[in-house]
Amino acid sequence: MEDQQRLEQLVTEINQLQQQGETIAQQIEQLNKSAADLQTAKEAVEGLKGAVGKETLIPIGAGCFITTELKSEDVIVGVGADVAVKRSHEEALKTLETDIEEVRKLTQSLTEQLNKVNDHIRQRRPEAEKLMAQQKQQ
């Protein structure tokens, strides 16, 4: 009976670890999307340099653009809680670079956590498989 309880405990633990791993993997995926979005914004801001007074295309979504003339290199940057502030070209780039670095660090941290979860699963799985095989023999 003790083997049965240990098997149930291991199966429960492995299932919980797998769910935790899936959650972490989803968080990593979201961070990767955020990083790509930030990188795109950074490239767009970099493209503004020297474009004042020139005609440019602004994406409005669904593959549509409007034509406009830039009057400034300043960028309106979201700072959270639906608040945005006007930043110079250089400040906007610095903000985006900082955000990209923060997302990179978070992604790295979550990847390490996911690796630890996967290691725990790999460590527990052989014992669970052994107990299952013993139960089938009985």
Side-chain angles (χ1 to χ4, degrees):
M1 190 64 172
E2 190 176 297
D3 285 347
Q4 176 65 29
Q5 288 175 339
R6 178 66 182 148
L7 177 59
E8 289 173 9
Q9 178 186 10
L10 283 169
V11 169
T12 300
E13 186 177 352
I14 289 170
N15 286 338
Q16 288 173 343
L17 287 168
Q18 286 175 329
Q19 289 174 350
Q20 185 179 3
E22 289 171 10
T23 300
I24 293 170
Q26 289 171 355
Q27 291 171 336
I28 290 170
E29 185 178 328
Q30 284 300 107
L31 285 171
N32 286 337
K33 288 177 183 177
S34 293
D37 190 37
L38 288 165
Q39 187 62 39
T40 299
K42 180 183 173 207
E43 290 168 6
V45 170
E46 288 171 339
L48 294 176
K49 191 74 176 169
V52 174
K54 295 181 181 175
E55 202 170 84
T56 187
L57 294 174
I58 305 293
I60 58 172
C64 298
F65 298 82
I66 57 173
T67 304
T68 188
E69 183 179 310
L70 283 178
K71 295 185 180 189
S72 168
E73 287 183 1
D74 292 342
V75 179
I76 307 299
V77 178
V79 293
D82 293 329
V83 176
V85 295
K86 187 183 224 180
R87 297 270 167 92
S88 70
H89 180 264
E90 292 77 21
E91 291 172 327
L93 276 176
K94 187 174 180 179
T95 298
L96 288 167
E97 288 167 355
T98 299
D99 290 349
I100 290 169
E101 183 60 22
E102 285 178 21
V103 168
R104 187 195 65 74
K105 286 178 183 177
L106 280 171
T107 302
Q108 182 179 352
S109 174
L110 285 173
T111 301
E112 290 170 6
Q113 287 179 27
L114 181 58
N115 289 337
K116 287 178 184 177
V117 167
N118 288 334
D119 286 345
H120 287 304
I121 291 171
R122 278 191 290 278
Q123 290 170 1
R124 283 154 181 77
R125 188 167 274 144
E127 183 181 356
E129 290 171 352
K130 179 182 172 188
L131 290 171
M132 286 173 67
Q134 287 174 354
Q135 293 234 335
K136 284 183 181 179
Q137 289 178 353
Q138 292 177 357

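- Considering all non-hydrogen atoms of both residues, Val103 and Leu31 come closest at CG1-O, 3.4 Å.
- Under a 3.5 Å cut-off, the side chain of Thr40 and the backbone N or O of Ala36 do form a donor-acceptor pair.
- Closest heavy-atom contact between Ala128 and Leu7: O-CD1, 3.5 Å.
- Looking at Asn118 and Leu114, their side chains come closer than 4.5 Å, going by heavy atoms from C-beta outward.
- Here Leu10 contributes atom CG and Glu129 contributes atom CD; the two are 11.0 Å apart, rounded to the nearest 0.5 Å.
- Remark: Gln9 CD to Ile14 CD1 distance equals 10.5 Å, nearest 0.5 Å.
- Between Cys64 atom SG and Leu57 atom CG the span is 11.5 Å, to the nearest 0.5 Å.
- No side-chain donor-acceptor contact under 3.5 Å links Gln16 and Gln20.
- Counting only heavy atoms from C-beta outward, the side chains of Leu93 and Lys42 approach each other to under 4.5 Å.
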Item to check | salt bridge (charged side-chain N to carboxylate O under 4.0 Å, His left out) between Lys33 and Glu29, worked out | outcome: CA-CA 6 Å; Lys33 288 177 183 177; Glu29 185 178 328; 3.7 Å; yes
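- Put simply, the side chain of Gln4 does not reach to within 4.5 Å of the side chain of Gln134, judged on heavy atoms.
- Looking at Arg125 and Glu13, no side-chain N of the basic residue comes within less than 4.0 Å of a carboxylate O on the acidic one, giving no salt bridge.
- Judged purely by atom type and a 3.5 angstrom limit, His89 uses its side chain to pair as donor or acceptor with the backbone of Val45.
- To the nearest 0.5 Å, atoms CG (Leu131) and NZ (Lys136) are separated by 12.5 Å.
- Ion pair Asp3/Arg6 not flagged as a salt bridge, since none of the NZ, NE, NH1 or NH2 atoms sits closer than 4.0 Å to an Asp/Glu carboxylate oxygen.
- Looking at every heavy atom in both residues, Ala84 comes nearest to Ile76 through CB-CG2, 3.6 Å.
- One finds no salt bridge joining Lys116 and Glu112 here, because no Lys/Arg side-chain nitrogen approaches an Asp/Glu carboxylate oxygen to under 4.0 Å.
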Item to check | Pair Val79-Arg87, side-chain contact (heavy atoms from CB on, under 4.5 Å): steps then yes or no | outcome: CA-CA 11 Å; Val79 293; Arg87 297 270 167 92; 3.9 Å; yes
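- Side-chain contact between Arg124 and Leu17 is present, with at least one heavy-atom pair separated by less than 4.5 Å.
- With rounding to the nearest 0.5 angstrom, the CD atom of Glu43 is 11.0 Å from the CG atom of Leu96.
- The closest side-chain heavy-atom distance from Asn15 to Val11 is below 4.5 Å.
- Within the structure, side-chain hydrogen bond (donor to acceptor under 3.5 Å, both in side chains) contacts touching residues 58-72 (residues at least two apart or in different chains) are Ser72-Asp74.
- Of the inter-residue distances, the one linking Gln39 atom CD with Asp99 atom CG reads 12.0 Å to the nearest 0.5 angstrom.
- Ionic pairing of Glu101 and Arg104 is present here: one or more N-O contacts between side-chain nitrogen and carboxylate oxygen are shorter than 4.0 angstrom.
- Between the side chain of Glu73 and the backbone N or O of Gly50, at least one donor-acceptor pair lies under 3.5 Å.
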